[in-house]
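The next block holds one structure in the form of structure tokens; read it before the comments.
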Amino acid sequence: MLNQTDLIRIFCAAAESSSFREAAARLGISPQAVTRAVQQLERHFGEVLFHRSTRQIRVTEFGGQLAARARDSLLQLDALFQRASDSAEPELPTRVRITAPRSLARMHLLPALANLALAHPSIIVDLRLGDAIADVVDEQIDIGVRLGFMRDNRFVARAVTKMSFVIAGSPALVARAGIPASPDALAALPTTGFVDSSSGRVWPWYLADDKQFMPASPAFMTNDPEAERDAVLAGVGYGQLPYYLVAADLASGRLVTVLDEFAPPAWDVFVYRPQRGPVPPRIRRVFDAIVEAFSDPALARA
């Protein structure tokens, strides 16, 4: 039994041919199969689709109208299943949802995504910023950026660069409170704290040799890295900050680093996507653009 789509394809081929035999040769089937398909459609519509003679066929007025409508439908159906090539643009606007840490995205990701959106208008960029780890299923995330560790086998992850951390303070703070001789000395000095939005607790500062320092009574706390940097710039306290966020401030002298010998190893920056079947060209294009955006070595301190 032929399905309805097969019947319509056979009918359209017959409508474009001078005989059922010619249509059969084009389709690689028998003339009898073409005849049966046409007869089945004629019974379905209750109309004669072809005038037949021993030498040729001629589509009826009803058959010609049906063939015109059927061709349009088949073209639309074929377009749905046509696999776009790497250089082809998706025909319909399609959203790609991305998650990334706030400050990292603003400084390194937004320019790349803006260029991508301008070059490929059919890709709708949906960027969700947050420092908490997103649930890729519930939030329907297509691509993510994550710092630190990536051992989840549900994802295809690529380490694209390294990100360093520094302990920094303003020259005014150094003059007022002094330079800590060790991480333990920080307990007696004003510090800032970065708040984990999911738990409400302050993150520890990571140090060399897998050691940590926990700001017990921060003078300033926030869940926004840029706000913490601004507090450190204002001289409120020492803070442990991503190097990329304060690189310009360090170069200009607005900030200075302390305890450099206790700096932790640089963290990996991962770009990842869920492992859930074939990768559409639009996802691959955005993934590659994000990888390129984070290939900048300025994230890590030299």
Side-chain angles (χ1 to χ4, degrees), residues 98-113 127-134 144-150 157-170 173 180 183 186 191-199 201-208 210-215 218-272 290-302:
I98 305 154
T99 181
R102 289 187 185 94
S103 59
L104 194 60
R106 289 192 184 105
M107 296 185 69
H108 289 269
L109 186 54
L110 278 176
L113 292 180
L127 178 61
R128 305 301 174 97
L129 300 182
D131 295 292
I133 297 174
V145 178
R146 183 179 295 181
L147 312 177
F149 309 100
M150 197 79 194
R158 181 171 174 182
V160 291
T161 189
K162 298 281 188 178
M163 188 186 74
S164 300
F165 289 90
V166 295
I167 299 174
S170 69
L173 175 67
L186 286 167
T191 58
T192 62
F194 184 70
V195 177
D196 181 352
S197 296
S198 61
S199 68
R201 293 192 293 269
V202 173
W203 281 94
W205 294 11
Y206 294 93
L207 305 171
D210 293 325
K211 294 181 179 179
Q212 298 181 356
F213 165 76
M214 177 59 73
F220 181 91
M221 295 183 293
T222 179
N223 66 345
D224 184 82
E226 290 172 283
E228 185 181 15
R229 178 200 60 191
D230 291 345
V232 173
L233 278 167
V236 174
Y238 287 106
Q240 186 176 55
L241 299 163
Y243 172 72
Y244 72 87
L245 197 58
V246 294
D249 301 313
L250 294 172
S252 68
R254 291 190 297 269
L255 290 178
V256 295
T257 61
V258 297
L259 302 174
D260 288 344
E261 64 273 28
F262 296 96
W267 286 18
D268 285 315
V269 177
F270 289 94
V271 180
Y272 67 93
I290 294 175
V291 167
E292 183 177 357
F294 284 111
S295 62
D296 184 357
L299 287 166
R301 192 179 188 187

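This structure is a prediction, so every number in the text was calculated from the model and none was measured. Atoms considered below: every heavy atom in the structure, side chains included; atoms not considered: hydrogens, waters and symmetry mates.
What you find for Leu173 and Gly237 is that their closest heavy atoms are CD2-C, 3.3 Å. The minimum heavy-atom distance linking Tyr244 with Leu104 is given by the pair OH-N, 3.1 Å. Across Gly169 and Tyr238, no two heavy atoms sit closer than the pair CA-CD2, 3.7 Å. The two residues Val145 and Pro101 come nearest to each other via the heavy atoms O-CD, 3.5 Å. Minimum interatomic distance between Pro218 and Gly193 (heavy atoms only, all atoms of both residues): CB-N, 3.9 Å. In plain terms, the two heavy atoms of Phe270 and Ala157 that are nearest each other are CD2-CB, 4.1 Å.
Put simply, CD1 on Ile290 and CD1 on Ile98 are 4.5 Å apart, with the number rounded to the nearest 0.5 Å. Thr161 OG1 to Leu147 CG: the interatomic distance, rounded to the nearest 0.5 Å, is 11.0 Å. In this structure, the separation between CZ on Phe294 and CE on Met163 is 10.0 Å, given to the nearest 0.5 Å. Taken from CZ in Phe213 to OG1 in Thr191, the straight-line distance is 5.0 Å, to the nearest 0.5 Å.
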Item to check | Stepwise side chain to side chain contact (heavy atoms under 4.5 Å, CB included) check, Leu186 with Trp205 | outcome: CA-CA 11 Å; Leu186 286 167; Trp205 294 11; 3.6 Å; yes
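Considering only residues two or more places apart in sequence or on other chains, Asp260 meets the side chain to side chain donor-acceptor pair (under 3.5 Å) condition with Thr257, Arg301. By the side-chain contact (heavy atoms from CB on, under 4.5 Å) test, Ala208 pairs with no residue at all, sequence neighbours left out. For Pro204, the side-chain contact (heavy atoms from CB on, under 4.5 Å) partners at least two apart in sequence or on another chain are Tyr206, Gln212, Met214. Taking Ala105 as the reference, Ala100, Leu109, Leu129 meet the side-chain contact (heavy atoms from CB on, under 4.5 Å) condition, with sequence neighbours excluded. By the ring-ring contact (aromatic ring centres under 6.0 Å, His included) test, Phe220 pairs with no residue at all, sequence neighbours left out. Checked against side-chain contact (heavy atoms from CB on, under 4.5 Å), Arg158 has the following partners two or more places apart in sequence or in another chain: Val160, Phe287, Val291. Under the rule for a ring-ring contact (aromatic ring centres under 6.0 Å, His included), the partners of Phe165 that lie at least two apart in sequence or sit in another chain are Trp267.
Between Tyr272 and Thr99, some side-chain heavy-atom pair lies under the 4.5 Å cut-off. Using a 4.5 Å heavy-atom cutoff, the side chains of Leu241 and Pro225 are not in contact. In this structure, Pro242 and Met107 have side chains that are not in contact, with every pair of non-hydrogen atoms separated by 4.5 Å or more.
Residue pairs meeting the salt bridge (Lys or Arg N to Asp or Glu O under 4.0 Å) criterion with at least one member in residues 233-258, sequence neighbours excluded: Asp249-Arg254. Legend: salt bridge (Lys or Arg N to Asp or Glu O under 4.0 Å) pairs involving residues 238-247, not counting sequence neighbours: none detected.
Surrounding CE of Met221 are at most 12 heavy atoms belonging to other residues, nucleotides or ligands under 6.0 Å away.
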Extract all donor-acceptor atom pairs below 3.5 Å that involve side chains of residues 226-233 and protein atoms in other chains or at least two apart in sequence.
residue	atom	partner	partner atom	Å
Glu226	OE1	Arg106	NH1	2.6
Glu228	OE2	Thr192	OG1	2.8

